[in-house]
Amino acid sequence: MRPETQLDIGREIVARLAEESTPLADDVYWNEPEVYIDAERHELELPLFFGEFPLVIAASSQIPNAGDVITDDHTKVPIMVVRGVDGRVRAFVNACRHRGSRIVLDDQVCGLRAFTCPYHAWVYGLDGTLRTVPGNGFDTLERSRLGLIELPAAERAGLVWVLPRPVSDDGTDDELGAAVDTL
C-alpha cells in the first residue's frame, strides 16, 4: 500500500470514529451470486489479487530451522519458502529448471539439506543454486544460470511475505521489503 493511501485511510478512520459513523452506501447494494462463482472473473482477478502484492505465505514459526520448507499453491505460481543455513528466508518457484517438475511435493518439510527434483534428480542448494546434474550430456550447462527461480521474500512481524513473481535486476526484492514495511 502506498504511504499516501495509508495516510488517507487512517485519516478517514479517525474522522469516522469521531463522527461515530461508517462508510455506508446510500442504498442497499446487491451482488448477484455469479460475481462470486464466475470462472472468467476468477481468472481475471487472480493476477491482480495474488500476483501484484506481497502475500503472507507462512508464519515464521512454521519454518524455524535451517532446511525447513513450506509450500503454497494458492497462486498461479507454485511457491516454496525455505529457511537457509544462514537463517535467511528465501522463496522460490517450486519447479525444477530442467523439466518443470515440482521439487517439494509435501505442504511442509523439515530439515532438508538440499532440494532434489524427483524427476531427474537435479540437486539445488537451500540458496537455490544448482549443485548437481546427474548423468551425461550436461557438461556444457551454465549451472550459475540454472538455479531455482527466486521470488522476493521478506520476514516481518513474525510473518513470511512473498511476492509471487520473480526477482528482477531492477530491485524488485528491495521494493518488497519496503512494501511490507508500509502494511
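Note that these values count all heavy atoms, side chains included, but never hydrogens, waters or copies made by symmetry.
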### Query
Do Val77 and Arg165 have side-chain heavy atoms sitting under 4.5 Å apart?
no
### Message
Let me check something: do Ile149 and Val89 share a hydrophobic cluster, defined by ILVMFWY side-chain heavy atoms less than 4.5 Å apart, either directly or through other members?
### Response
yes
### Message
Once rounded to the nearest 0.5 Å, what's the spacing between atom NE2 of His42 and atom CD1 of Ile37?
### Response
13.0 Å
### Message
Is there a side chain to side chain contact (heavy atoms under 4.5 Å, CB included) between Leu126 and Val85? Walk through the geometry before answering.
### Response
CA-CA 8 Å; Leu126 298 180; Val85 293; 4.2 Å; yes
### N/O donor-acceptor pair under 3.5 Å between Asn94 side chain and Val104 backbone
yes
### Task
Flag the pair Arg102 / Pro118 as yes when at least one side-chain heavy-atom distance between them is below 4.5 Å, and no otherwise.
no
### Query
Just by distance, do the side chain of Asp106 and the backbone of Val109 share a donor-acceptor pair under 3.5 Å?
no
### From CE (Met80) to CG (Asp107), nearest 0.5 Å
14.0 Å
### Message
Test of understanding: clusters of I, L, V, M, F, W, Y form through side-chain heavy atoms closer than 4.5 Å, transitively. Do Leu17 and Ile9 belong to the same one?
### Response
yes
### Message
I'd like to know if the side chain of Arg90 reaches the main chain of Ala153, judged simply by a donor and an acceptor atom lying under 3.5 Å from each other, with no hydrogens or angles considered.
### Response
no
### Message
Run the side chain to side chain contact (heavy atoms under 4.5 Å, CB included) test on Leu148 and Ile103 for me, step by step, so that the C-alpha distance in whole Å, both residues' side-chain angles and the decisive distance to 0.1 Å come before the verdict.
### Response
CA-CA 10 Å; Leu148 295 172; Ile103 294 173; 3.3 Å; yes
### Summary
Closest heavy-atom pair, Ala121 versus Pro134, reported as atoms and distance to 0.1 Å, is O-CD, 3.4 Å
### Message
Using a 6.0 Å cut-off, check whether atom NE2 of His120 has over 12 heavy atoms from anything other than its own residue.
### Response
yes
### Query
Any chance CD of Glu4 has more than 12 other-residue heavy atoms, nucleotides or ligands included, within less than 6.0 Å?
yes
### Task
In sequence, state the C-alpha distance, the side-chain angles, and the governing distance for Leu141 and Val133, and then conclude on side chain to side chain contact (heavy atoms under 4.5 Å, CB included).
CA-CA 9 Å; Leu141 279 182; Val133 177; 4.1 Å; yes
#### Entry: Non-hydrogen side-chain atoms of Ile63 and Val69 separated by less than 4.5 Å
no
### Task
Rounded to the nearest 0.5 Å, what's the gap from SG on Cys110 to CD on Gln62? Could you check?
10.5 Å
### Task
Go through Tyr124 and Cys96 one step at a time and tell me if the side chain to side chain contact (heavy atoms under 4.5 Å, CB included) criterion holds.
CA-CA 9 Å; Tyr124 299 89; Cys96 180; 3.3 Å; yes
### Message
Taking CZ in Arg113 as the centre, count heavy atoms belonging to other residues, nucleotides or ligands within less than 6.0 Å. Is the count above 12?
### Response
no
### Message
Show the nearest heavy-atom pair for residues Trp161 and Arg156, with the distance to one decimal.
### Response
NE1-O, 3.7 Å
### Message
What I'd like to find out is whether the side chain of Leu55 reaches to under 4.5 Å of the side chain of Pro164, using heavy atoms alone.
### Response
yes
### Query
Any side-chain heavy atom of Lys76 within less than 4.5 Å of one from Glu43?
yes
### Query
Does the Arg97 side chain pair with the main chain of Gly147, one donor and one acceptor, at a distance under 3.5 Å?
yes
#### Entry: From Gln108 atom CD to Asp68 atom CG, the distance as rounded to the nearest 0.5 Å
7.5 Å
### Closest heavy-atom pair and its distance - Ser61, Pro64
O-CD, 3.3 Å
### Task
For residues Pro166 and Leu151, report the shortest heavy-atom separation together with the two atoms involved.
N-CD2, 3.6 Å
### Task
State whether Arg88 and Glu150 are salt-bridged, where the test is any N-O pair (Lys NZ or Arg NE/NH1/NH2 against Asp/Glu carboxylate O) under 4.0 Å.
yes
### Query
So if you build clusters from Ile, Leu, Val, Met, Phe, Trp, Tyr with side-chain heavy-atom gaps below 4.5 Å, do Leu112 and Phe92 land together?
yes
